[in-house]
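Sequence lines set the chain letters: A, B, ... in the order given, protein chains first and strands last, and positions in each chain run from 1.
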Protein chains: 2
Amino acid sequence: MKPVTLKEIAETLGISITTVSKALKDYPDVSKKTKRLVKELAQTLNYKPNAFAVNLRTKESKTIGLIIPEVVHHFFSSVIKGIIAQAEKKGYLVIILQSNESYELEKKQLDLLFSKRVDGVLISLANGTGDFKHLNDLMAQETPLVMFDKIAKIVNCSKVIINDRKAAYTATKYLIDSGCKRIAHFRGPLLPQNSIDRFLGYKQALVDHGFVYDPSLVYILDAMSFDEGNYYAAQLLKDHKDVDGIFINTDLVAIGAINELNKRGVKIPDDISIIGFSNWFMSSVISPTLTTIDQPGYLMGKTAFKLLYKEIKKRKNNQAVVYEEVELPTELIIRESTK
Amino acid sequence: MKPVTLKEIAETLGISITTVSKALKDYPDVSKKTKRLVKELAQTLNYKPNAFAVNLRTKESKTIGLIIPEVVHHFFSSVIKGIIAQAEKKGYLVIILQSNESYELEKKQLDLLFSKRVDGVLISLANGTGDFKHLNDLMAQETPLVMFDKIAKIVNCSKVIINDRKAAYTATKYLIDSGCKRIAHFRGPLLPQNSIDRFLGYKQALVDHGFVYDPSLVYILDAMSFDEGNYYAAQLLKDHKDVDGIFINTDLVAIGAINELNKRGVKIPDDISIIGFSNWFMSSVISPTLTTIDQPGYLMGKTAFKLLYKEIKKRKNNQAVVYEEVELPTELIIRESTK
DNA sequence: TTTAAAATCGAAAACGTTTTCGATTTACCG
DNA sequence: CGGTAAATCGAAAACGTTTTCGATTTTAAA
């Protein structure tokens, strides 16, 4: 049973394809009676327009692409949820691709999306991307792009971000204010902007409060996993007996660290205070519960789509597009892992 | 700058569209020289075939749809990851829709996917669906469908599942073997097959081991949230002072329950043992760590796609399709929340 | 009854591919 | 050089829509 087409409806009704098409879309130049007939038949035959044909004709796919580094991730899945919820409201479908933090994959996937002629793409960069030609190429071909969370400052497009630097500053300052004297930092990889900014915020807070910045206190992680949290917590204990606070780039790692410290009998927060980043659900559930920075994933997804949608509209109407950079608020969530 | 088409390449090279198309796809009836010329130009112009046109012609979208109840969910996001990883290997893109446990939405989304002429759809049912006409309609129109995790036994299609009943039996039996005398069950809503099966497994284990089944010991939850875990744990304490074990439908609720019991000074597992279901990452991290049933999400996603892919292939070659039902293994993960 | 205006309809082109099949060119052999 | 086989090419139809614009029919007015 093949999908029913306009042609079939037209033939069984003895009218032209044109009229059927117009009847279905309530054109003014088709009679009420014909409209009723057509709509009824379409209904009973369960007619659904072939999106390919429509898109080929109208050049609109009503589909956007989304590239994220990792799907199984509390923050990113919240973002996804925000995006598809908002997209659905506007009649858009979203194709999700996972870059696995690989620049090469990211490039390939962008090509794929272009081939599908998506109306726009939303992207959060892989840790591995230091070159942005693929992004600029896409935009050069009229495909709107908006970046969120892990962005590249140098690329000229709309962005939705948080102020990582400020948030990290706040977190570190809280550690300082609560009496920590020697504060370590588990940072993310070198390339991503947010891991740079969080590091910078940490450093700034230190300097502003009369600490001397000690590079041996910052550990550069790679996978940002629970296991790395375990490993570097142990490492830190070995390297620096005097550390009494850690600001950690992301909650998952922080939870790994807490796990390791618990195991070794280190008292949190009495011996060492810990602050994470992101406010994963898990953070409110482990013991001790984790002080962290709340990062609004759902809102970020929603906002990113809105920006993209606005740009799609503008382009469609041949209006000038202005790139926006919206900064979402973060919040320090104080729990048990700090004094 | 409009996307470049075959026509453009053909014109600048002074050859026909046909030849360009064939050159790009390495047809044997175009000369090496022409192929080289075409490919070079395509490369420099950054030509990407218009998927709409291709699909309209070939009737293959190389896209599948995925409908799941909830994105922000450890199990489902693992499934998603498995699906898109496997799909990418075979050159398929996946459109993800979230039904939010709503039957109405699910129906609408299925229509949307059909309109997009996806090559197939993967679905895990919403809790609210008790009617399956929308699924049968889709299949009647030649769109392969495979269900996973939350399935409907009555629908005739390929499925990938776990043996919920057996797993629940194992869990409950473990509680019994470890000495529990009065075992409660927090079950899911009434409709979904897996919540029924888990309940049945629980009941069977009880009966098989000389317990009398007491309906007042099973609580029917709705949202399956952390908060519900809190609430029903409190409720249980009020209703039944003698309960010493709970088998809980899903880890998130179990974690909520543990949270509440911890707060009230109930000792786990000494006073009450708890077993969850799914093996969320979180379960290995809370205190006490949660004994649970491991449910292989990534593998399930991968398998579901494979089944779908097989069916797509078969249909394409006009071969008879046979529906398969594959059952994935589960495993009891013993941790601290049980004796 | 004629005529102009309004209402209703449909032919055809276009979107960018793929593929069949016939046409043309080239190479080769005697 | 003639003829056949092989190599190379392109015209055209098709996929299912949308939309323009001209054609036809109906209605209402004169």
(message) Tell me whether the count of non-hydrogen atoms from other residues, nucleotides or ligands lying under 6.0 Å of NZ in B:K35 goes above 12.
(response) yes

(request) Count the heavy atoms belonging to other residues, nucleotides or ligands that lie under 6.0 Å from CD of A:Q319, then report whether that count exceeds 12. (result) yes

Give a yes-or-no answer on whether the side chains of [X] and [Y] include a donor-acceptor pair shorter than 3.5 Å.
X      : Y      : value
A:N156 : A:Y323 : no
A:K62  : A:N55  : no
B:Q98  : A:E88  : no

Take atom [atom1] of [X] and atom [atom2] of [N], then tell me their distance rounded to the nearest Å.
X      : N      : atom1 : atom2 : value
A:E11  : D:dG16 : CD    : C1'   : 13 Å
B:K33  : C:dA27 : NZ    : P     : 11 Å
A:K59  : D:dT18 : NZ    : P     : 15 Å
A:N50  : D:dT18 : CG    : C1'   : 13 Å
B:K2   : C:dA14 : NZ    : C1'   : 14 Å
A:R117 : C:dT17 : CZ    : C1'   : 11 Å
A:L56  : C:dA14 : CG    : P     : 13 Å
A:E60  : D:dT19 : CD    : C1'   : 15 Å

(request) Runs of at least three consecutive Watson-Crick or G-U pairs, both distances under 3.5 Å, are what I'm after; which ones involve DNA chain D? (result) C:1-30 with D:1-30

(message) Within the 4.0 Å limit for protein heavy atoms, which parts of nucleotides 8-13 of chain D are touched? Write it as a string from 5' to 3', B for base, S for sugar-phosphate only, - for none.
(response) BBBBBB

(request) Choose from D:dT19, D:dG16, C:dT19 the nucleotide whose nearest atom is closest to any side-chain atom of B:K25. (result) C:dT19

(message) By the 4.0 Å heavy-atom rule, please label A:T5 as base, sugar-phosphate, or nothing.
(response) sugar-phosphate

(request) Determine the interplanar angle of the B:F305 and B:Y309 rings, folded into 0 to 90°, and report it as parallel if under 30°, tilted if 30 to 60°, perpendicular if over 60°. (result) parallel

(request) Could you point out which residue of B:L138, B:L97, B:V146, B:L308 forms a side-chain contact (heavy atoms from CB on, under 4.5 Å) with B:V121? (result) B:L138

(request) Check the pair A:K108, A:E104 against salt bridge (Lys or Arg N to Asp or Glu O under 4.0 Å), reporting the backbone distance first and the verdict last. (result) CA-CA 6 Å; A:K108 244 185 250 163; A:E104 288 305 328; over 6 Å; no

(request) State the OH-CD1 distance between B:Y92 and B:I83, to the nearest 0.5 angstrom. (result) 14.5 Å

(message) Using OP1 and OP2 only, check whether a side-chain N or O of A:K7 sits under 4.0 Å from D:dC15.
(response) no

(request) Determine: side-chain N/O of B:Y27 to OP1/OP2 of D:dA7, distance under 4.0 Å, yes or no. (result) no

